[in-house]
Every structure is written in C-alpha cells, then in structure tokens.
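Quick notes on the structure that follows.
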Amino acid sequence: MAKYVYPAVFAPAAEGGYVVTFPDWEGATQGDTVAEAIEMAADFLGLAVWTAESNAQELPAATVLEKVAAPQCGFVNLIAVDTDVYAEIIERENNPIKYARKKAGLNMKKLADLLGAPYRTVQDWNAGRRMPPDWVQRLIIEKIEANA
C-alpha cells in the first residue's frame, strides 16, 4: 500500500455541480460544488485503488496531466490518495470495535476481560460475524479508549 496521484476530469453537470471521471479508472462520481466534487473524487479514487491493491490487481499507470484535455467550462485536477490511510478509514467504519481494540493495543482476551464479555462474543465482533447495536458499540469504544 502506498500513495498515488491520478488526474481527474471535472465536467459541469447538466443539473449543476460537476461530474468527475478518471482517464485511468472506470466509473464516475459527482459533487454539487468544486470542493464536494474534489472530496468525492478522492473517495472514489481511494476506494478504486484500495480495492485493486486488496485484490492484488495491477494498477494502471497515471496519465500524464498535460495529455488530459479539460472539458468546456470544466477543469482537470490531480487527486492524491494514500491507501494506508484509506484502509484505516475502511476498517474504522466497517468494524469500529476491532479498530479501537487494535489502536489501544488490546488483544481479544484482554478486551473480553475488560468488558466482562465472553471471549467467543469478542471473537465474533472482531471477525465482523455479528455486532452489537450502534449505541452499544459506542459504549464499548468509549470503555476501550478510557482504559487505553
């Protein structure tokens, strides 16, 4: 995992805002403002590159910026992504208990002891097989962070 930079093409959308495409990646995203379009482009690129890396796929070479034509009333901009940071965001959003446990340096046994929870339950949370309701997850994360 590493840092990457790819050019993105920002074209005005008929309904307002911008449609963003990447010459080197399939698909598109959009945003209502320039700032939102750039943020959405970074998220789109982060997911695309992270997915390719996770599946051990070869990443396309970035097109040279000077070779990318800007559409009428649009522009071309470079978008940077750090897949290590993106992977951390994905892990935090997909399994916040596991993320908090790892960040606090706790193994599953220590977390089970801290919470007074069955080890098997903590294993299931860690694997994402089943999760407590969101409000319980927030309480667990608060306890982990308070005891880190």
Side-chain angles (χ1 to χ4, degrees), residues 1-108 111 114-115 117 121-148:
M1 304 214 175
K3 296 179 183 181
Y4 302 92
V5 177
Y6 284 91
V9 177
F10 293 76
E15 63 279 357
Y18 294 88
V19 173
V20 185
T21 57
F22 289 86
D24 307 305
W25 295 92
E26 289 186 25
T29 188
Q30 63 184 36
D32 292 334
T33 64
V34 170
E36 186 179 282
I38 290 173
E39 182 179 346
M40 295 301 289
D43 190 46
F44 175 93
L45 182 62
L47 182 59
V49 175
W50 176 81
T51 300
E53 280 185 344
S54 297
N55 294 327
Q57 295 172 336
E58 188 172 331
L59 301 178
T63 301
V64 177
L65 185 62
E66 291 76 22
K67 293 187 178 186
V68 181
Q72 185 175 3
C73 299
F75 61 97
V76 176
N77 195 40
L78 291 174
I79 302 295
V81 65
D82 182 333
T83 53
D84 290 331
V85 171
Y86 201 80
E88 187 174 327
I89 291 168
I90 296 258
E91 184 174 3
R92 184 180 68 230
E93 290 179 6
N94 289 341
N95 195 331
I97 295 173
K98 179 180 179 180
Y99 176 79
R101 178 190 64 75
K102 288 171 64 176
K103 191 171 179 184
L106 297 173
N107 62 32
M108 286 186 282
L111 179 57
L114 174 68
L115 300 173
T121 298
V122 174
Q123 280 183 317
D124 286 346
W125 294 343
N126 195 70
R129 286 189 288 268
R130 61 183 187 138
M131 297 298 284
D134 288 344
W135 68 273
V136 175
Q137 288 183 49
R138 286 190 297 274
L139 291 173
I140 291 168
I141 292 165
E142 284 178 21
K143 187 155 189 171
I144 292 169
E145 290 172 349
N147 288 285

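Sequential numbering from 1 along the given sequence is applied to the chain's residues.
Counting all heavy atoms, side chain and backbone alike, Ala8 lies closest to Phe22 at CB-CE2, 3.6 Å. Lys143 and Asn147 get closest at one heavy-atom pair: O-ND2, 2.8 Å. Ala28 approaches Val19 most closely through the heavy-atom pair CB-CG1, 4.3 Å. Nearest heavy-atom pair across Val9 and Pro71 is CG1-CD, 3.5 Å. Nearest heavy-atom pair across Val81 and Gly46 is CG2-CA, 3.2 Å. Shown here for Leu65 and Pro7, the closest heavy-atom pair between the two residues is CD1-CB, 4.1 Å.
Using a 4.5 Å heavy-atom cutoff, the side chains of Val85 and Lys3 are not in contact. Looking at Ile90 and Leu47, their side chains come closer than 4.5 Å, going by heavy atoms from C-beta outward. Side chains of Pro132 and Ile97 form a contact here, defined as non-hydrogen atoms less than 4.5 Å apart. Annotation: side chain of Asn126 is not in contact with side chain of Leu111 (no heavy-atom distance under 4.5 Å). Between Met108 and Arg101, some side-chain heavy-atom pair lies under the 4.5 Å cut-off. Contact check for Tyr6 versus Leu59: side-chain heavy atoms found under the 4.5 Å cut-off. Residues Leu115 and Trp125 meet the side-chain proximity criterion, which asks for heavy atoms closer than 4.5 Å. In this structure the side chain of Met131 never reaches within 4.5 angstrom of the side chain of Val136, judged on heavy atoms.
Using a distance-only test at 3.5 Å, with no hydrogens or angles considered, a donor-acceptor pair links the side chain of Asp24 to the main chain of Thr63.
With sequence neighbours excluded, no residue forms a salt bridge (Lys or Arg N to Asp or Glu O under 4.0 Å) with Glu142.
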Check: What do the steps show when you test Gln30 against Tyr18 for side-chain contact (heavy atoms from CB on, under 4.5 Å), and what is the final call?
Finding: CA-CA 5 Å; Gln30 63 184 36; Tyr18 294 88; over 6 Å; no

Check: side-chain contact (heavy atoms from CB on, under 4.5 Å) between Ile38 and Ile79: does it pass, once the steps are laid out?
Finding: CA-CA 8 Å; Ile38 290 173; Ile79 302 295; 4.2 Å; yes

Next item on the list: Could you walk me through whether Val49 and Trp25 pass side-chain contact (heavy atoms from CB on, under 4.5 Å), step by step?
Entry: CA-CA 9 Å; Val49 175; Trp25 295 92; 3.5 Å; yes

Next item on the list: Tell me, with the steps shown, if Val20 and Phe44 meet side-chain contact (heavy atoms from CB on, under 4.5 Å).
Entry: CA-CA 9 Å; Val20 185; Phe44 175 93; over 6 Å; no

Margin query: Evaluate Glu93 against Tyr99 for side chain to side chain donor-acceptor pair (under 3.5 Å), listing each step before the verdict.
Written below: CA-CA 9 Å; Glu93 290 179 6; Tyr99 176 79; over 6 Å; no

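Among pairs with a residue in residues 34-46, those fulfilling side-chain hydrogen bond (donor to acceptor under 3.5 Å, both in side chains) read Asp43-Tyr86, at least two apart in sequence or across chains.
To the nearest 0.5 Å, the span separating CD on Glu91 from NZ on Lys103 amounts to 11.5 Å. In this structure, the separation between CH2 on Trp50 and CG on Asp82 is 14.0 Å, given to the nearest 0.5 Å. Here the CD atom belonging to Gln137 is positioned 7.0 Å from the CD1 atom belonging to Ile140, to the nearest 0.5 angstrom.
For Glu26, the CD atom sits in a loose shell: 12 or fewer heavy atoms of surrounding residues, nucleotides or ligands are nearer than 6.0 Å.
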